[in-house]
Engineer: 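Please see the structure below; I have some questions.
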Amino acid sequence: MEKDAAEPDSSRQRNGAVVGGTLYGEFTDTLNDRVRYSVSLTESALTIQKITASPGRTKVVFNLTDCVGCRAHRADDGADVGAYVTAYFYQFKRRWMSTGTARQKVEQCFRVALVQDPLVNLQEAERWASAIRDFSIRQIPRRDGVLYGEVRRPCRVMVLVNPHSGRGQALQLFTTHVQGMLTEAAVPYTLVITEHQNHARELVRKADLSKWDALVIMSGDGLLFEVINGLMEREDWEQALQTPLGILPGGSGNALAASVHHYTQCPPAWNEELLLSCGFLLCKGLVVCLDLVSVHLASRQRLFSFLSLAWGFVADVDIESEKYRHVGAIRFLMGTLVRLASLRVYQGRLAYLPVKEALRLGRGAAKPHPPPSTPQCHSLCSSSSGQPLPQTSPNQNSRHGQNGDPNSNHNTIQNSTNNTITAKRTAEAPAESLTRGPPDSLLPGLDQPVPESWTLVQEEDFVLVLAIYQSHLAEDLWTAPGAGPDDGLIHLFYVTAGISRPALLRLFLAMEKGAHLACGCPHLVYQKVRALRLEPLSPQGVITVDGETVEYGPVQAQIHPRLARLICG
Ligand code: ADP
Ligand code: MG
């Protein structure tokens, strides 16, 4: 019987034949060996066609760009002489009970039973599985004009999971959604569950990186921030940054994961669908360059950031919404509504180096910022013009102070519940840390005035200042529509005081579709810059870098294009 099933048919290709680069074979169904299929494999597709007595043939074409892996195996039943080929696809399919499409797993299996010898059948199955794997690895969805690298194969991955991120489900999500996919793609991984804040940072600072082909973060953006800064603390930071970094959304703030998905130009995805998409990209292993931003704080600490620098509304919402962490990503919406209800104005000075100027000046005119180990004396309260800044600045502009008291916004800041949260989330470096990295040729010392080529923003009353270098600030906030992972740009947004609550809400609602810049809001300003400096005048407040609170005070930053590498489609 087995032989019959494989008997060559003169009207079709010979079994196992390779004709014009196409592998051809006839196999049987996994459940019913009387149902036969003709199977053909080209570089781009696996085509399976049912062979029936009737002229009508059912044909299914699987695009190999959707395939993460394939394996050959024997049946559980030892008596079965046949071998099996199972290929794993993640295809775009209509969502169940919802509109649009999302990647969904499709397993395709056929049975190889050419002869009575199980070993020969298994060898043939392995030949097919290996051909499907080889072609699939080469078939990766790529965008025109993007320069890609690939992770080394076989790829050994360290997966770092923060068990407390998001709703505390990162580990469970990894087990249910990612683990199987990595097995299907034959990607060996080592799971590291972080035990405390800065655990990942310390670990990558000391790790033997020659053992790893990729470092993957299953958490929110905070854990990747730790990892990047841990890598920057290594003596071999330049080499260490060549290790591809992957992101799997497991937190409540999954901005990079949302951005990575967005760069693939696939339909929008959220929650588990976003996780599946990022897992898929990890299995495919395409690598692009990632810009990093060097951030200097008043205490002379230097940090590296991949996502954002925020002050005012956005930073407050990020940190205040920590208390709604149990609801997941929707915490930002809740935080936004709460903060809108008591809108604050923040006083400070903002200056930036516009891209046009940076291009005109070459790499920039500033004397490079001295390395952090050089002693340097400067006052936290010096302004860009060298004049002392006022120590307090009650907010006169806010219309939304508590009890109608114009100073009550000031009180709100002082009395805000941030302190405990801040203490928990402050991005403090471990005691022995020393961030290295390239010199910041665009930045003078924080105590020096900014160069003349910089633009000084006239306004001093802000609702928010946000520098972002990825497309998304959260899963549903498409903040910088034109941003790419390696565009060499800081996308600087600020909203000046005087904006009404409904107008600000409209901006955030429009941001879901990346349409906020088309709202015609006179208070919203957008600039593409290479460097910026922010000097808050309000005595207290929150500044975040990649969603992590950093010390409050003067801060400046510059972009370093293509410093790191990111697994991305
Ligand atoms: P989320 O998006 O849910 O906030 P993050 O990845 O941003 O998730 O992590 C939140 C914070 O938790 C970060 O400051 C990170 O450094 C810290 N962290 C990482 N691992 C642990 C751990 N095991 N216990 C406590 N905090 C941790
Ligand atoms: Mg976070």
Side-chain angles (χ1 to χ4, degrees), residues 158-174 178 191-205 215-233 245-261 270-272 274-275 278 295 301 303-310 314-336 418-430 433 435 470 472-477 542-551:
M158 184 200 288
V159 182
L160 291 144
V161 179
N162 172 2
H164 302 295
S165 64
R167 282 183 280 176
Q169 293 174 325
L171 188 55
Q172 192 195 337
L173 284 169
F174 179 81
V178 186
L191 192 63
V192 178
I193 300 166
T194 63
E195 288 164 16
H196 52 83
Q197 193 177 34
N198 282 326
H199 184 182
R201 186 173 182 154
E202 287 154 14
L203 202 132
V204 300
R205 192 176 60 219
L215 299 175
V216 173
I217 282 76
M218 170 88 197
S219 186
D221 300 302
L223 196 63
L224 180 58
F225 175 79
E226 275 192 30
V227 166
I228 286 177
N229 283 282
L231 293 174
M232 292 308 297
E233 286 160 10
L245 302 170
I247 186 87
L248 297 168
S252 44
N254 300 314
L256 186 64
S259 302
V260 161
H261 174 80
W270 297 271
N271 305 321
E272 277 86 351
L274 181 62
L275 179 56
C278 292
V295 179
Q301 202 187 341
L303 302 168
F304 280 85
S305 161
F306 62 92
L307 176 65
S308 64
L309 168 67
V314 169
D316 286 0
V317 166
D318 198 353
I319 299 310
E320 288 168 9
S321 67
E322 278 278 332
K323 53 179 171 281
Y324 313 123
R325 163 175 290 281
H326 58 280
V327 298
I330 204 172
R331 78 171 159 109
F332 297 112
L333 177 62
M334 291 169 69
T336 298
N418 286 349
N419 293 343
T420 45
I421 296 159
T422 306
K424 203 172 67 174
R425 290 291 305 272
T426 298
E428 265 170 25
S433 87
T435 304
Q470 304 294 336
H472 282 65
L473 186 61
E475 284 184 39
D476 51 5
L477 290 179
V542 176
I543 295 178
T544 58
V545 173
D546 298 351
E548 300 296 300
T549 310
V550 296
E551 80 184 68

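Both counts, for ligands and for their atoms, begin at 1 and track the order of listing. Keep in mind the model is a prediction, meaning the values are calculated, not measured.
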Engineer: Kindly identify the option in Q197, E226, R201 whose heavy atom sits closest to atom 26 (N) of ligand 1.
Structural biologist: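 The option holding the nearest heavy atom is Q197.
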Engineer: Show which atoms of ligand 1 fall inside a sub-4.0 Å distance from at least one heavy-atom site of E548.
Structural biologist: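 Near E548, meaning under 4.0 Å from one of its heavy atoms, ligand 1 has 7 (O), 13 (C), 14 (O).
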Engineer: For ligand 1, which part of E195 has a heavy atom less than 4.0 Å away: the side chain, the backbone, both, or neither?
Structural biologist: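 Answer for E195: backbone.
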Engineer: Closer than 3.5 angstrom, by distance alone: can the side chain of R331 be matched with the main-chain N or O of D318 as a donor-acceptor pair?
Structural biologist: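 Yes: the side chain of R331 pairs with the backbone of D318.
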Engineer: So L307 and Q470, do their side chains get closer than 4.5 Å, heavy atoms only?
Structural biologist: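 Answer yes - side chains close enough.
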Engineer: When you compare ligand 1 with S165, is there at least one nitrogen or oxygen pair between them that comes in under 3.5 angstrom?
Structural biologist: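 No, there is no polar N/O contact under 3.5 Å.
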Engineer: Using a 4.0 Å cutoff against the non-hydrogen atoms of R331, which atoms of ligand 1 qualify?
Structural biologist: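 In order of numbering, the contacting atoms are 4 (O).
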Engineer: Using a 3.5 Å distance criterion without hydrogens, assess whether the side chain of E226 forms a donor-acceptor pair with backbone atoms of N198.
Structural biologist: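 Here the side-chain-to-backbone pair exists.
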Engineer: Is D546 reaching over with its side chain to a backbone N or O of F306, donor-acceptor style, under 3.5 angstrom?
Structural biologist: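 Such a contact is found between D546 side chain and F306 backbone.
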Engineer: With backbone taken as N, CA, C and O and side chain as the heavy atoms from C-beta onward, which portion of H199 lies under 4.0 Å from ligand 1: side chain, backbone, both, or neither?
Structural biologist: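 It is neither part, as no heavy atom is under 4.0 Å.
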Engineer: Should you measure from each heavy atom of G222, which atoms of ligand 1 turn up under 4.0 Å away?
Structural biologist: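 The list of qualifying atoms is 5 (P), 6 (O), 7 (O).
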Engineer: Between V216, L231, V204, which is the residue that forms a side-chain contact (heavy atoms from CB on, under 4.5 Å) with L245?
Structural biologist: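 Per the side-chain contact (heavy atoms from CB on, under 4.5 Å) rule, the option paired with L245 is L231, out of V216, L231, V204.
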Engineer: With a 4.0 Å cut-off on heavy atoms, is G166 in contact with ligand 1?
Structural biologist: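 Yes.
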Engineer: For the pair E475 (side chain) and N271 (backbone), establish whether a donor and an acceptor sit closer than 3.5 Å, ignoring hydrogens and angles.
Structural biologist: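 Yes: the side chain of E475 pairs with the backbone of N271.
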Engineer: Quick check on contacts: which atoms of ligand 1 are under 4.0 angstrom from a heavy atom of L223?
Structural biologist: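 Every atom of ligand 1 under 4.0 Å from some heavy atom of L223: 6 (O), 19 (C).
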Engineer: Any idea which atoms of ligand 1 are less than 4.0 Å away from a heavy-atom of R325?
Structural biologist: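 What qualifies from ligand 1 is 1 (P), 3 (O), 4 (O).
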Engineer: I need the atoms of ligand 1 closer than 4.0 Å to a non-hydrogen atom of G253, numbered in the order shown.
Structural biologist: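 Counting from 1, the qualifying ligand atoms are 2 (O).
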Engineer: With a 4.5 Å limit on heavy-atom distance, are the side chains of V192 and V161 in contact?
Structural biologist: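 SC-SC contact between V192 and V161 ruled out.
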Engineer: Return the option from N198, N162, D318 holding the heavy atom at the smallest distance from atom 12 (O) of ligand 1.
Structural biologist: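 The nearest heavy atom belongs to N162.
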Engineer: Got R325 and R167 here, is their nearest side-chain heavy-atom distance under 4.5 Å?
Structural biologist: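 No. Closest side-chain heavy atoms not under 4.5 Å.
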